[in-house]
Undergrad: 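Handing you this structure, nothing more for now.
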Amino acid sequence: MGWLDGRSALVTGGASGIGRAVVERFLAEGARVAVLDASAENIAALRKDLPDVVVTEGDVSSFEDNERAVAATVAAHGGLNTFVGNAGIFDYFAPVATTPGATLSGSFDEIFSVNVKGYLLGVKASLPALLESSSPSIVFTLSNGAFLPAGGGSVYTASKHAAVGLIRQLAYELAPRVRVNGVAPGGTLTDLRGASALGQAETSLRDAANFPDLVRATNPLGIVQQPADHTGSYVLLASPENAAAISGVVINSDGGMQVRGLVQAAGGADL
Ligand SMILES: NC(=O)c1ccc[n+]([C@@H]2O[C@H](COP(=O)([O-])OP(=O)(O)OC[C@H]3O[C@@H](n4cnc5c(N)ncnc54)[C@H](O)[C@@H]3O)[C@@H](O)[C@H]2O)c1
């Protein structure tokens, strides 16, 4: 028996990386899953590999696209128990000092549109269906950048901090009917893209040769995180039986980055 037997979930950005791993894990836990994603290429691969997943091609920053995805989910699965806001883009550490003003402004609008407005509009579009379902929940993908500097540039870091605020406000506003929580992955090997305004639409973490070493060196557990490493946290937060009393919290799934200290920075203790 799975932890999500008979539950229905919609995952944004579910055609790649962490979102796709969540889709696969939710299916394994007995859920019926739908996806909203903007990438035709990623969607084609998802449809081929997992034909039972209901897929909507669209942009999370469009309320209409979110509404279409929710309608497709409800039509196929008869309801919606969990909304997972996950689609996101990065800024590849763009520094304020050297990024031209107009570029910085464009990157702010683009990144906040996806990483913050996308979550808010996804919740707004999902809410009627969530409120009609049993034990509804919302889970957002955050980042170590939601709590610490240097997990991105100022714009990405601010967008993930903003999503923490969304979790707290929504957990308050939607109680007692809907639980709202987050998972904050550390650096993870995915195809995460940057903002077009920064000329990074084709830039991918996968192409950064030093990224695995950087991830390993900056978390105390010394692990190179893969998308599947985070999925248990999403399952827990979506599970009515196992997280009935959990709302307004974020699980840090980052190899212990929040307790990174001077010893680790110097190469780790000799244990
Ligand atoms: N990879 C990391 O190191 C890392 C670390 C912490 C947090 N995150 C967060 O994880 C989430 C997922 O990213 P990932 O690393 O799996 O990247 P990914 O690029 O592999 O997956 C993201 C998916 O979201 C889709 N997407 C992007 N913009 C969209 C939009 N406007 N509308 C609809 N779909 C859109 C993409 O097409 C892609 O399929 C993001 O919120 C990201 O900020 C990633």
Side-chain angles (χ1 to χ4, degrees), residues 10-24 35-47 55-66 68-69 84-93 109-119 121-122 125 139-148 150-153 155-164 166 182-196 200-208 211-212 214-216 218-219 223-231 233-234 250-255 257:
L10 170 61
V11 182
T12 71
S16 176
I18 295 167
R20 167 120 183 204
V22 169
V23 168
E24 292 175 9
V35 162
L36 169 61
D37 202 290
S39 163
E41 194 184 341
N42 293 345
I43 285 174
L46 178 67
R47 284 199 168 116
V55 186
T56 301
E57 184 174 339
D59 185 337
V60 294
S61 64
S62 151
F63 182 59
E64 290 70 26
D65 287 0
N66 279 286
R68 279 197 300 116
V84 180
N86 167 78
I89 53 174
F90 196 39
D91 65 0
Y92 283 90
F93 310 99
D109 292 346
E110 187 180 348
I111 291 171
F112 268 70
S113 266
V114 179
N115 295 9
V116 185
K117 190 167 84 170
Y119 287 6
L121 296 183
V139 186
F140 289 158
T141 300
L142 301 181
S143 164
N144 51 283
F147 303 98
L148 300 169
V155 175
Y156 182 77
T157 300
S159 77
K160 291 299 182 180
H161 275 64
V164 178
L166 267 186
V183 178
T188 308
L189 299 184
T190 72
D191 191 28
L192 184 63
R193 302 298 177 94
S196 304
Q200 301 169 344
E202 300 306 322
T203 307
S204 168
L205 283 180
R206 282 200 188 119
D207 301 330
F211 186 63
L214 180 72
V215 171
R216 189 185 290 107
T218 52
N219 71 82
I223 55 171
V224 180
Q225 291 149 97
Q226 305 291 337
D229 293 336
H230 310 300
T231 58
S233 298
Y234 292 82
V250 179
I251 297 177
N252 295 115
S253 180
D254 58 10
M257 278 186 96

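In what follows, residues are counted from 1 in the order of the sequence shown. Just so you know, ligand 1 is whichever comes first in the structure, and atom 1 is the first atom listed for that ligand. The shown structure was predicted, so the numbers you read here are calculated from the model rather than taken from an experiment.
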Undergrad: Taking a cutoff of less than 4.0 Å between a non-hydrogen atom of the residue and any ligand atom, is F90 in contact with ligand 1?
TA: no
Undergrad: Report yes or no: does a heavy atom of G118 sit under 4.0 Å from some atom of ligand 1?
TA: no
Undergrad: Taking atom CG of N252 and atom CG of N144, what is their separation to the nearest 0.5 Å?
TA: 8.5 Å
Undergrad: Using a 4.0 Å heavy-atom cut-off, say whether V114 meets ligand 1 through its side chain, its backbone, both or neither.
TA: side chain
Undergrad: Do we see a donor-acceptor contact under 3.5 Å between the side chains of S196 and E110?
TA: yes
Undergrad: Counting heavy atoms only, which of D191, L46, N86, V22 comes nearest to atom 11 (C) of ligand 1?
TA: N86
Undergrad: For atom 39 (O) of ligand 1, grab the closest protein heavy atom and report residue, atom and distance to one decimal in Å.
TA: D37 OD2, 2.7 Å
Undergrad: Quick test: of every protein heavy atom, which one is nearest to atom 42 (C) of ligand 1, and how far off is it to 0.1 Å?
TA: Y156 OH, 3.7 Å
Undergrad: Verify whether one side chain among Y119 and T141 offers a donor that lies under 3.5 Å from an acceptor in the other.
TA: no
Undergrad: Once you round to the nearest 0.5 Å, how far does CZ of R193 lie from CD of Q200?
TA: 11.5 Å
Undergrad: Between E24 and R20, does any side-chain N to carboxylate O distance fall below 4.0 Å?
TA: yes
Undergrad: Taking it one step at a time, do V114 and V60 satisfy side-chain contact (heavy atoms from CB on, under 4.5 Å)?
TA: CA-CA 6 Å; V114 179; V60 294; 3.9 Å; yes
Undergrad: Need the ligand 1 atom indices (1-based, order shown) with element for anything under 4.0 Å from a heavy-atom of N42.
TA: 37 (O), 38 (C), 39 (O)
Undergrad: Under a 4.0 angstrom heavy-atom cut-off, which atoms of ligand 1 come close to Y119?
TA: 41 (O)
Undergrad: Which protein non-hydrogen atom lies closest to atom 31 (N) of ligand 1, naming both residue and atom, and how far is it?
TA: D59 OD1, 2.9 Å
Undergrad: To check your reading of the model: name the closest protein heavy atom to atom 15 (O) of ligand 1, its residue, and the distance in Å.
TA: T190 OG1, 2.6 Å
Undergrad: Identify, for atom 32 (N) of ligand 1, the protein heavy atom at the shortest distance, and state residue, atom and that distance.
TA: V60 N, 3.0 Å
Undergrad: Nearest to atom 44 (C) of ligand 1 by heavy atom, V183, I43, I18, D254: which?
TA: I18
Undergrad: For atom 35 (C) of ligand 1, tell me which residue out of A87, P185, S39 has the closest non-hydrogen atom.
TA: A87
Undergrad: Out of V183, V11, V139, which residue meets the side-chain contact (heavy atoms from CB on, under 4.5 Å) rule with V22?
TA: V11
Undergrad: What protein heavy atom sits nearest atom 22 (C) of ligand 1, and how far off is it?
TA: G13 O, 4.2 Å
Undergrad: Hey, which atoms in ligand 1 end up nearer than 4.0 Å to a heavy atom of G187?
TA: 3 (O)
Undergrad: Between ligand 1 and A21, can you find any atom pair, the residue atom being a heavy atom, that is separated by under 4.0 Å?
TA: no
Undergrad: Mark the output for S61 as yes if a heavy-atom distance to ligand 1 is under 4.0 Å, and as no if none is.
TA: no
Undergrad: Looking only at the side chains, is there a donor atom on one of D191 and S16 sitting less than 3.5 Å from an acceptor on the other?
TA: no
Undergrad: For the residue pair F147 and H161, categorise the inter-ring angle as parallel (less than 30°), tilted (30 to 60°) or perpendicular (more than 60°).
TA: tilted
Undergrad: For atom 18 (P) of ligand 1, which protein heavy atom lies nearest, and how many Å away is it?
TA: S16 OG, 3.6 Å
Undergrad: Any atoms of ligand 1 less than 4.0 Å from a non-hydrogen atom of G17? List them with their elements.
TA: 16 (O), 20 (O)
Undergrad: Report yes or no: does T141 have a heavy atom closer than 4.0 Å to ligand 1?
TA: yes
Undergrad: May I ask whether F140 has any heavy atom positioned less than 4.0 angstrom from an atom of ligand 1?
TA: no
Undergrad: Run the numbers for me: atoms of ligand 1, each under 4.0 Å from some heavy atom of G58, listed by number.
TA: 32 (N), 33 (C)
Undergrad: About how many Å separate CG of D207 and OG1 of T203, when rounded to the nearest 0.5 Å?
TA: 8.0 Å
Undergrad: Need the ligand 1 atom indices (1-based, order shown) with element for anything under 4.0 Å from a heavy-atom of L205.
TA: 1 (N), 2 (C), 3 (O)
Undergrad: So, do V164 and L142 sit near enough that their side-chain heavy atoms are less than 4.5 Å apart?
TA: yes
Undergrad: May I ask you to check if ligand 1 and S143 share an N or O to N or O distance below 3.5 Å?
TA: no
Undergrad: Using 0.5 Å steps for rounding, measure from the CG atom of D91 to the OG1 atom of T157.
TA: 6.5 Å
Undergrad: In Å and rounded to the nearest 0.5 Å, what is the CD1 to OG distance from I111 to S61?
TA: 13.0 Å
Undergrad: Measure the shortest side-chain to side-chain distance between V35 and L10 over non-hydrogen atoms and say whether it is less than 4.5 angstrom.
TA: no
Undergrad: Hey, could you give me the CD/CG distance between E41 and L46, rounded to the nearest 0.5 Å?
TA: 13.0 Å
Undergrad: Any atom of ligand 1 sitting under 4.0 Å from a heavy atom of L142?
TA: yes
Undergrad: So is Q225 touching ligand 1 or not, going by heavy atoms under 4.0 Å?
TA: no
Undergrad: Looking only at protein heavy atoms, which one is nearest to atom 34 (N) of ligand 1, and what is the separation?
TA: A38 N, 3.1 Å
Undergrad: With no hydrogens and no angle check, just 3.5 Å: does a side-chain donor-acceptor pair link S39 and D37?
TA: no
